[in-house]
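Single-structure report; data block below.
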Amino acid sequence: MKKLIIELLKGNKSAAARLISIIENDEAARRNILKRLKPYIGKAHIVGITGAPGSGKSTLIDSLIRLLRKNKKTVGVVAIDPTSPITGGSILGDRTRMANHSMDDGVFIRSMATGGRLGGLSKTAFDAALVLDALGKDIIFIETAGVGQSETAVKDIVHTVVLVLTPGLGDDVQMMKAGIMEIADIFVVNKSDLKNAEETARSIDDMISLLPQKKKMLSVILTVASEGKGIERLLEKIEGYRSRCTSKPFDTRKSKL
Ligand SMILES: Nc1nc2c(ncn2[C@@H]2O[C@H](COP(=O)(O)OP(=O)(O)OP(=O)(O)O)[C@@H](O)[C@H]2O)c(=O)[nH]1
Ligand SMILES: [Mg+2]
């Protein structure tokens, strides 16, 4: 175990993969590993990417990874729904791209089963993010489905929440405000190549104007993830939240789970 942790701290990806597996399967070992890692975590910016199935979360992450790598930043991804591995663009294109990312030492991607257990899901996803933080990744994305209870659970394990929406929501935006809309820091209207994107963005703006004062700074960004459009602006906004990175989620998590 000690050896694995030493390797992890040197940036060894396979040590990270092994440690995450151990954490998933052995509670006693999990506690031990997290205790040992504690001094080495708190540097990474942990970002939740949530939204309805098929809204383009994986494609967005894929585009963000490319931009981040261009900027010489290292990236970790924890994708929670195993039925939707990180994709982007056409299926063939995906494979190539994913293969490229997985060959890249600066990128670590891990998919994870939900198993239908929400608490366990948050716990394991967060633990995996901590391992990737200790691995030295600058930014870590946690991709989660924005339906059901997991929508608000993600807030407790990340610094910044990005909510991915798609055009044509119209009145639905109003209906959503009680739940997931309230935990978002950044709203993305992805697939803005489709019609009604501007209208959807306006509905979100209207909704934001009804929120308490401190939330009125929230931003709405239009993207076409599959073409890399709007990604620079999105990354800029995400990085604007970087100052939130402290070990706070770690402590929050300890008290909650
Ligand atoms: N037209 C259009 N299609 C897009 C865009 N972004 C993603 N897509 C397509 O939308 C589909 C779903 O994209 P994903 O990235 O898998 O969506 P997801 O939110 O990760 O899906 P789940 O993980 O299954 O919830 C894919 O066929 C993408 O190619 C976009 O900006 N415009
Ligand atoms: Mg996905």
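Order of listing sets the numbers, starting from 1, for every ligand and every atom in it.
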- Hey, could you give me the CG/CD1 distance between D104 and I109, rounded to the nearest 0.5 Å? 9.0 Å
- Task: Give a yes or no answer on whether the side chain of D193 reaches the backbone of V224 with a donor-acceptor pair at less than 3.5 Å.
- Result: no
- Message: Taking 4.0 Å as the limit for heavy-atom contacts, which would you say applies to E143 with ligand 1: side chain only, backbone only, both, or neither?
- Response: side chain
- Item | Option with minimal heavy-atom separation from atom 15 (O) of ligand 1, where the choices are T59, I61, T50, T223 | T59
- For K10, check side chain to side chain contact (heavy atoms under 4.5 Å, CB included) against everything at least two apart and list the hits. I6, E7
- Non-hydrogen side-chain atoms of R18 and M1 separated by less than 4.5 Å: no
- Determine, using heavy atoms of E227 and all atoms of ligand 1, whether some pair is separated by less than 4.0 Å. no
- Query: Taking C-beta and beyond as the side chain, do V220 and T200 meet within less than 4.5 Å on heavy atoms?
  - Reply: no
- Message: When you measure from the heavy atoms of G51 to every atom of ligand 1, does any distance fall below 4.0 Å?
- Response: no
- Task: Give a yes/no answer: is there an N/O/S atom of S58 under 2.8 Å from the Mg ion (ligand 2)?
- Result: yes
- Item | Of all N/O/S atoms in E143, the name of the one nearest the Mg ion (ligand 2) | OE2
- Query: Can you find an N/O atom of L194 closer than 3.5 Å to an N/O atom of ligand 1?
  - Reply: no
- Message: If you take the nearest heavy atom of each of P167, G54, A52, which one is closest to atom 21 (O) of ligand 1?
- Response: G54
- Task: Indicate, as side chain, backbone, both or neither, the part of V224 found under 4.0 angstrom from ligand 1 when only non-hydrogen atoms are considered.
- Result: both
- Task: Indicate yes or no: does an N/O atom of G56 lie under 3.5 Å from an N/O atom of ligand 1?
- Result: yes
- Under 3.5 Å between some N or O of ligand 1 and some N or O of S58? yes
- Is a donor on one side and an acceptor on the other found under 3.5 Å between the side chain of T50 and the backbone of L163? no
- Item | Donor-acceptor contact present, side-chain D138 to main-chain T74, <3.5 Å | yes
- Message: For ligand 1, which is the ligand I care about here, please tell me if S192 has any N or O atom under 3.5 Å from one of the ligand's N or O atoms.
- Response: no
- Item | Connected via hydrophobic side-chain network under 4.5 Å: V164 and L194 | no
